[in-house]
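Here's the structure, in structure tokens; my notes come after.
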Amino acid sequence: MIEKIEPQTLPSAPLHGRRVERRSNPCVAWLIGDPVSHSLSPLLHNAAFKKVGLPHVYVPLRLPHRLLRPFFGLAPHARTLGMNVTVPHKEAVLRFIDHLSPEAKVCGAVNCIRVRGRRLEGFNTDGSGFLAAIKKEFGFDARGKRVVILGAGGAAKGVAHALAPCGLRSIIILNRTVSRARSLAVNVRTVTRKTIVESAALDRTSMEHAAEGADLIVQTTSVGLDGRSAIRFPFQDSPRQARVADIVYRPLETPFLKAAKKAGRRTLGGWAMFLYQAAESFQIWTGQPAPIPLMRRLLLSSLRPD
């Protein structure tokens, strides 16, 4: 029995008997991580289920690492539609997955799981969510463009691998630990032959070099979550038409984006990537398009200061 799981415990559900039809009968989509109380995913998904007339419910579940195994022992048998996976479990859940999407294999991490019978299918929507965000909110066409990625963690990996096959001219990956940037660059080169992929330290000299000719600058680190810190990127050295994106979605406008906007660059907050990741999870679970306008409106209204 799983106990002391916040904010809600597992609902009672038959562990044996006929297979649950997960599209028409009420099912649960979980958000698992530690912590989860800050997430806006329940707001978006529960509103989306209601909008399209599905009887499902999305439940945030604070799940300590020691309870992963018992949870995954139960979930495929219960009325589980699927799961979103957040920190710190994106890599730890791999051992419970029966099938990984190509993106999840490349990234070595899962943030969305679909339950089919007793089979668990793992996806990684970091890259596809980011691509949808810059295309639909920025109108950005990646072909022939130069991209600078700050950071070399899990999100950077998803973004880089999604962008690489899009016909980019070049990608420069900057990270404080140069070996991680180099490792990611080597990994990204395996999926593209035409795009130049470089790596360097996240320092002033490298940023100045990377800024020259950059069409898109992407901040993928956790810097800015506190609403005060920011990587001091030399936006003034980038072309006037350069666009700047941050994957941090709270605060709505990070200090990094404020600095970019002050320099006259177009910006896009992490809310957009978050929105399109949520929309993709919804479609993976239900087979139906997500009501994006509704989800977008709810998300932005929740993030705007009172």
Side-chain angles (χ1 to χ4, degrees), residues 106-107 126-127 130-131 133-134 138 140-249 251 253-270 272-273:
V106 166
C107 294
D126 281 336
F130 181 77
L131 283 183
I134 60 173
F138 249 170
F140 186 80
D141 182 353
R143 289 174 296 180
K145 301 297 194 303
R146 294 174 170 148
V147 175
V148 178
I149 298 176
L150 309 184
K157 186 180 291 187
V159 168
H161 274 282
L163 284 168
C166 294
L168 291 174
R169 180 173 179 178
S170 68
I171 299 175
I172 301 178
I173 301 165
L174 306 180
N175 194 59
R176 287 192 174 91
T177 305
V178 182
S179 59
R180 294 194 66 183
R182 187 179 302 118
S183 177
L184 177 53
V186 169
N187 190 252
V188 171
R189 289 190 195 107
T190 64
V191 299
T192 179
R193 294 182 179 180
K194 296 182 179 180
T195 301
I196 299 169
V197 186
E198 301 175 286
S199 60
L202 184 58
D203 57 28
R204 185 73 185 183
T205 300
S206 296
M207 286 192 289
E208 288 175 351
H209 170 71
E212 297 175 6
D215 297 293
L216 177 66
I217 301 155
V218 189
Q219 201 292 116
T220 71
T221 75
S222 60
V223 177
L225 279 170
D226 59 5
R228 298 184 301 274
S229 306
I231 294 172
R232 299 193 177 188
F233 192 86
F235 296 108
Q236 68 280 0
D237 293 336
S238 65
R240 293 287 298 178
Q241 72 273 15
R243 302 182 187 189
V244 181
D246 197 329
I247 69 162
V248 174
Y249 72 85
E253 187 175 61
T254 62
F256 184 80
L257 294 181
K258 287 180 180 178
K261 185 177 289 186
K262 186 176 181 180
R265 306 308 185 258
R266 286 187 61 188
T267 64
L268 183 64
M273 179 177 173

Answer yes or no: is there a side-chain heavy-atom contact under 4.5 Å between Ile134 and Leu163? yes
In this structure, CD of Glu198 is separated from CG of Leu174 (nearest 0.5 Å) by 9.5 Å
Counting N and O atoms only, with roles assigned by atom type, does the side chain of Thr267 sit under 3.5 Å from a partner on the main chain of Lys261, one being a donor and the other an acceptor? no
Residue pairs passing the side chain to side chain donor-acceptor pair (under 3.5 Å) test where at least one lies in residues 168-189, sequence neighbours excluded: His161-Asn187
Using the rule given for side chain to side chain contact (heavy atoms under 4.5 Å, CB included), can you reason through Lys145 versus Leu216, listing the C-alpha separation, both sets of side-chain angles and the distance that settles it, and then say yes or no? CA-CA 8 Å; Lys145 301 297 194 303; Leu216 177 66; over 6 Å; no
For Met273 and Asp126, what are the C-alpha separation, side-chain angles and deciding distance, and is it a side chain to side chain contact (heavy atoms under 4.5 Å, CB included)? CA-CA 8 Å; Met273 179 177 173; Asp126 281 336; 3.9 Å; yes
Mind checking ring-ring contact (aromatic ring centres under 6.0 Å, His included) for Phe233 and listing every partner two or more places apart, or none if nothing turns up? Phe235
Can you find a heavy atom in the side chain of Arg243 that is under 4.5 Å from one in the side chain of Leu268? no
How close do Ala156 and Gly151 get, heavy atom to heavy atom, and via which atoms? CB-O, 3.3 Å
My understanding is that only residues two or more places apart in sequence, or in another chain, count here; which of them pass side chain to side chain contact (heavy atoms under 4.5 Å, CB included) with Gln236? Arg204, Pro234
To the nearest 0.5 Å, tell me how far Ile217 CD1 sits from Leu257 CG. 11.0 Å
What distance do Gln241 atom CD and Asp215 atom CG have between them, rounded to the nearest 0.5 Å? 6.5 Å
Could you tell me which residues satisfy side chain to side chain contact (heavy atoms under 4.5 Å, CB included) with Ala164, sequence neighbours excluded, listed by chain and number? Ile171, Val188, Val191, Thr192
If only atom types and distance count, is the side chain of Arg265 paired as donor or acceptor with the main-chain N or O of Pro239 below 3.5 Å? yes
Considering all heavy atoms, the nearest Phe256-Asp246 contact: CB-OD2, 3.7 Å
List the residues meeting salt bridge (Lys or Arg N to Asp or Glu O under 4.0 Å) with Asp141, not counting sequence neighbours, and say none if there are none. Arg143
So which heavy atom on Ala155 is nearest to which on Thr220, and how close? CB-O, 4.2 Å
Do the side chains of Met207 and Ile231 get nearer than 4.5 Å, heavy atoms only? yes
How far apart are the closest heavy atoms of Ala162 and Leu131, and which atoms are they? O-CD1, 3.5 Å
Between Ala181 and Ala200, which heavy-atom pair has the shortest distance, and what is it? CB-O, 4.0 Å
Grab the two heavy atoms, one from Ala214 and one from Ala242, that are nearest each other, plus how far apart they are. O-CB, 3.3 Å
Any residue meeting salt bridge (Lys or Arg N to Asp or Glu O under 4.0 Å) with Lys258, in chain and number order, not counting sequence neighbours: none
